[in-house]
Asks: 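Dropping the structure in here first, questions after.
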There are 2 protein chains.
Amino acid sequence: MTAPTRRERLRTAAVSDIKDGARRLLVTGGPQAISLRAIARDMGMTAPAIYRYFPSLEALVLDLAGDLLDELCEHLEAARDAAGAEPIDQLVGTARAFRRWSVRHPVEFRLVFGNLMPGVDAFPDDCGYPGDPGARLGDVFITPLVELWRRRPFPVPLAGQVDAGLTEALAPLREKHPELPVEVACLMLSGWTMLYGLVSMEVYHQLRWAVTDPEALFDAELAAFLQQLDGGSGR
Amino acid sequence: MTAPTRRERLRTAAVSDIKDGARRLLVTGGPQAISLRAIARDMGMTAPAIYRYFPSLEALVLDLAGDLLDELCEHLEAARDAAGAEPIDQLVGTARAFRRWSVRHPVEFRLVFGNLMPGVDAFPDDCGYPGDPGARLGDVFITPLVELWRRRPFPVPLAGQVDAGLTEALAPLREKHPELPVEVACLMLSGWTMLYGLVSMEVYHQLRWAVTDPEALFDAELAAFLQQLDGGSGR
DNA sequence: GCAAATGAGTGAACGCCGTTTACTATCGCA
DNA sequence: TGCGATAGTAAACGGCGTTCACTCATTTGC
């Protein structure tokens, strides 16, 4: 690892200037407002210059989405680490942080999770390799849950009710966490579905017909879910 | 109601031709591929002619989204009515039909639920007035559940655990269905969250990292939810 | 039956956009 | 000092939504 040359410094500065401009446009005008010409205008440049740094607009947006996902993951990891040593507290903190970030950054949430372009997606089909941002997001939630199960296996609902077909269908998830019984994997997915469903409905304003304060609903559903993981510990 | 004039017939025919073209572009190229010029080209016309029928591209897409939502609702109502007289069977049929339609029409699902443009949304903030397509979608699921509760109130989880804040937050939903206890309203929302979350994750390919066969997971989660509504009936 | 009004459609234009190409000036290194 | 790599430019192409002035057929009212 050698010191970056002057050229390299200028280049990375330009790259981050471009991405800053893209994000500014994203936040003020939505994903559609990101355009090479507008970014270049803001920087006092012409549009073709950006092609020295990104092969296309789509590549730029993809890169930006990756940064945003990283930012979200750091936010979540910080919240988890600040929540104390109890895995269940870590789950509460991480879930609340996920909602908070999403509600405060609705446009960014849309870019990362909204499947706006093919390829811009927090969940690539194959997110197995280490360092993959999708896997990183998953791990923030999975790690405390696995630790909770390791410390004190809780009485899992539906024990023994999961049939062979579902067991086989869950193969990708189970390969990554062979230590978990299939019922726990199932419970985990159900929790993630609830979390993702509630947050995206709130971000997209699809709960207003039913609920005035989405946070109250979120906290209640979160508590109900965690109760399932808390086999008679008397909390 | 008088018979439509020749002019009116030609006009409605042109309108539906335009929307057919828009949908064809939507299905083959995604929401971004809908363009006035492409629609006009397919019809052997020029783009400005479409402004005789729609005030803007956005209005056209909004109209198309409304049609698609109606189509989905009809699909769901047909499935519900075909599921027999038992409310719980109706819920199974409707939920499965929702997943089926969404998986088979992923681009349409995206246009209706994906919040692509401000205003294109199955869930307007105020969907109270009768005939509203958003309310119609809700009713397909709510009606059987209300009927189930009317026939045989089931032991509801969390009975008495819902605090005043959540009760107040659920006001919009409860005003529409005052006969339901707040715990049932809460359960209903939790079911819808699961349904919507699972289906949109499947449509957006955000489950591939965990599951090979999303239908198996869907059926399992659906069964687990319905079990909560089925207080000891021994089904 | 004929003139006026209405409606549908066209072509040209404006200002956006992504992207490519050819060209120029600058920077870093030998 | 000179040379290659790099960053930037201007011009152009084709596509887009939208507006405007205009033509032509159809309908309507007298």
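When reading the values below, keep in mind they use all heavy atoms of this one structure, side chains included, and skip hydrogens, waters and symmetry mates. The chains referred to below are lettered A, B, ... by the order of the sequence lines, with proteins before strands, and numbering in each begins at 1.
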Asks: Side chains of L116(A) and L116(B): does their closest heavy-atom pair fall under 4.5 Å?
Replies: yes
Asks: For D42(B) and G21(B), indicate whether the former's side chain and the latter's backbone hold a donor-acceptor pair under 3.5 Å.
Replies: no
Asks: Which whole-number value in Å describes the distance from L36(A) CG to dG8(D) P?
Replies: 14 Å
Asks: How long is the line joining OH of Y51(B) and P of dT18(D), in whole Å?
Replies: 3 Å
Asks: Are E221(B) and T193(A) packed together at the side-chain level, in the sense that at least one heavy-atom pair is separated by less than 4.5 angstrom?
Replies: no
Asks: May I ask you to say whether E108(A) pairs ionically with R23(A), meaning some side-chain N is under 4.0 Å from a carboxylate O?
Replies: yes
Asks: Report, as yes or no, whether the 6.0 Å neighbourhood of atom CD on E168(A) holds more than 12 heavy atoms from other residues, nucleotides or ligands.
Replies: no
Asks: Pairs under 3.5 angstrom, nitrogen or oxygen only, protein versus nucleotides 23-30 of chain D, please.
Replies:
residue	atom	partner	partner atom	Å
dT27(D)	OP1	R6(B)	NE	2.8

Asks: Expressed as a whole number of angstroms, how long is the span from E8(A):CD to dG28(C):P?
Replies: 12 Å
Asks: Tell me whether the rings of W192(A) and F141(A) are parallel (<30°), tilted (30 to 60°) or perpendicular (>60°).
Replies: tilted
Asks: Whether the side chain of T12(B) engages the backbone of R9(B) through a donor-acceptor N/O pair (distance < 3.5 Å, no angle test) should be reported.
Replies: yes
Asks: Say whether, by atom type as modelled, one donor and one acceptor occur between the side chain of T143(B) and the main chain of V140(B) under 3.5 angstrom.
Replies: no
Asks: Rounding to an integer number of Å, can you tell me how far Q32(B) CD sits from dC16(D) C1'?
Replies: 12 Å
Asks: What is the distance, rounded to the nearest whole Å, between atom CZ of R9(A) and atom P of dA7(D)?
Replies: 14 Å
Asks: With no hydrogens and no angle check, is any side-chain donor or acceptor of S190(A) less than 3.5 Å from a backbone partner on C186(A)?
Replies: no
Asks: Starting at atom CE of M43(B), determine the distance to atom P of dG9(C), rounded to an integer number of angstrom.
Replies: 7 Å
Asks: Rounded to whole Å, how long is the line connecting atom CG of D17(B) with atom P of dG9(C)?
Replies: 10 Å
Asks: Which part of the nucleic acid does Y53(A) contact within heavy-atom distance under 4.0 Å: base, sugar-phosphate only, or nothing?
Replies: sugar-phosphate
Asks: Any side-chain N or O of R11(B) under 4.0 Å from OP1/OP2 of dG7(C)?
Replies: no
Asks: Grab the CG-P distance between L57(B) and dG15(D) for me, whole Å please.
Replies: 17 Å
Asks: What does the list of N/O pairs under 3.5 Å between the protein and nucleotides 10-16 of chain C look like, with a distance for each?
Replies:
residue	atom	partner	partner atom	Å
dT10(C)	OP2	T46(B)	N	2.9
dT10(C)	OP2	T46(B)	OG1	2.8

